[in-house]
Number of protein chains: 2
Amino acid sequence: MESIQVGDFRFLLDLSKPLYEQVLQHIRHAIARGDVQLGTKLPSVRDLAQQLKLNPNTVMRAYQELERNRLTETRRGQGTFITSDSETVNQVKKALASEAVIAFVSAMEKLGIDRSTAESLLKEVAWHE
Amino acid sequence: MESIQVGDFRFLLDLSKPLYEQVLQHIRHAIARGDVQLGTKLPSVRDLAQQLKLNPNTVMRAYQELERNRLTETRRGQGTFITSDSETVNQVKKALASEAVIAFVSAMEKLGIDRSTAESLLKEVAWHE
DNA sequence: ATAGTGTATTAAGTGATATAATACACTTGT
DNA sequence: ACAAGTGTATTATATCACTTAATACACTAT
């Protein structure tokens, strides 16, 4: 596996999930983490496609999903820009975190693992902060 | 959505994931939770297929995956039986729990959420034990 | 003008999933 | 011996999501 650096972003693609989804998530996470400055321009669709060796349509799909989440804004003829509204970023971040929490709790319930046991399991895991 | 009861199992299928995977997970979770007695016989491939309105091949695929996990044993001409080895069940349960924990921690890391914040989020969730 | 943006369209290819129709090997009960 | 019920294998077909490809168009900046 080789990771590819494009601008502020580092991409590591595999075949486990749809490519457009991986591109979407890489950028979304970078924004949520605060790794990229708000208001800055994303690589152009064609640029990113070429560097990641993907079809422009595939990158396009990721970009459109980002805009649907209001994480980016499109300016015709100029490019796609990360939103400058930190509140939007926080909302998205919170929503994604909530999804992950719900998925975890759901998984524990399906396995019949109670709360205290689940908390013990969590503590056993190395946690890089 | 309508859930279908077959023997000791309750199935609720949708189109969000492969059908064979959903069948697999329903049975696997039932075993992990201890909802079914060890050593008992699963519905026959044809029976389950008919009741779930699936193709026998689809059910077959789920059953083969269960056997790969050693959660079931096949006796030619007799049927597919849940393992009697509770240790195997515990191992699988632990492995699945571990996967879920890792997925959760990974999600938090990707979002740049630290441990204490993640724990707070977990506490906000209603937890049916 | 020219080059660089996002965007839309149409076509084609690929792979995973699911169904369908059969056939075979084995076990149990009669 | 036979029939019925098991798991299993094979071949074919259909569908759908994803991806690529090749163009074309509208807009913006230099």
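Labels below follow one simple rule: chain letters A, B, ... track the order of the sequence lines, proteins then strands, and each chain is numbered from 1.
Put simply, the side chain of L13(B) reaches to within 4.5 Å of the side chain of L54(B), judged on heavy atoms. Two residues are said to be in side-chain contact when any heavy atoms from C-beta on lie closer than 4.5 Å; Y63(B) and I27(B) meet this criterion.
S44(A) has a side-chain polar atom (N or O) that falls below the 4.0 Å cut-off from OP1 or OP2 of dT5(C). Distances shown here put a side-chain N or O of Y20(B) below 4.0 Å from the OP1 or OP2 atom of dT17(C). T74(A) has no side-chain polar atom (N or O) that falls below the 4.0 Å cut-off from OP1 or OP2 of dT5(C).
Look at R115(A) and E119(A) and you find a salt bridge, because one of the NZ, NE, NH1 or NH2 atoms lies within 4.0 Å of a carboxylate O, short of that distance.
Following rounding to the nearest Å, L48(A) (CG) and dT5(C) (C1') show an atom-to-atom distance of 14 Å. Separating the CD atom of Q78(B) from the P atom of dC26(C) is a distance of 14 Å, rounded to the nearest angstrom. Here the P atom of nucleotide dT19(C) and the CE atom of M60(B) are 15 Å apart, to the nearest Å. Atom C1' of nucleotide dA18(C) and atom CD of E21(B) are separated by 14 Å, given to the nearest angstrom. The separation between R46(B) atom CZ and dT27(C) atom C1' is 13 Å, rounded to whole Å. For the pair R61(B) CZ and dA18(C) C1', the computed distance is 9 Å after rounding to whole Å. Straight-line distance from the CG atom of L19(A) to the C1' atom of dG15(C): 13 Å, rounded to whole Å.
Positionally, the nearest nucleotide of DNA chain D for N55(A) lies more toward the 5' end than for the other of R76(A) and N55(A). Between L54(A) and Q64(B), the residue anchored nearer the 5' end of DNA chain D, judged by the nucleotide with its closest heavy atom, is Q64(B).
Nucleotides of DNA chain D with any atom under 4.0 Å from a heavy atom of chain B span, from 5' to 3', dG5(D) to dT10(D).
With 3.5 Å as the limit, one finds a donor-acceptor pair spanning the side chains of S16(B) and D14(B). In summary, the side chains of Q25(A) and K17(A) do present a donor paired with an acceptor at a separation below 3.5 Å, with no hydrogens or angles considered.
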Test side chain to side chain donor-acceptor pair (under 3.5 Å) on D114(B) and T117(B) and set out the steps.
-> CA-CA 6 Å; D114(B) 61 65; T117(B) 306; 3.0 Å; yes

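At a cut-off of 3.5 angstrom, the base of dA18(C) holds no donor-acceptor pair with the side chain of N57(B).
With values rounded to the nearest 0.5 angstrom, I31(B) atom CD1 is found 10.5 Å from D35(B) atom CG.
If you check every strand for non-hydrogen atoms under 4.0 Å, R75(B) touches nothing.
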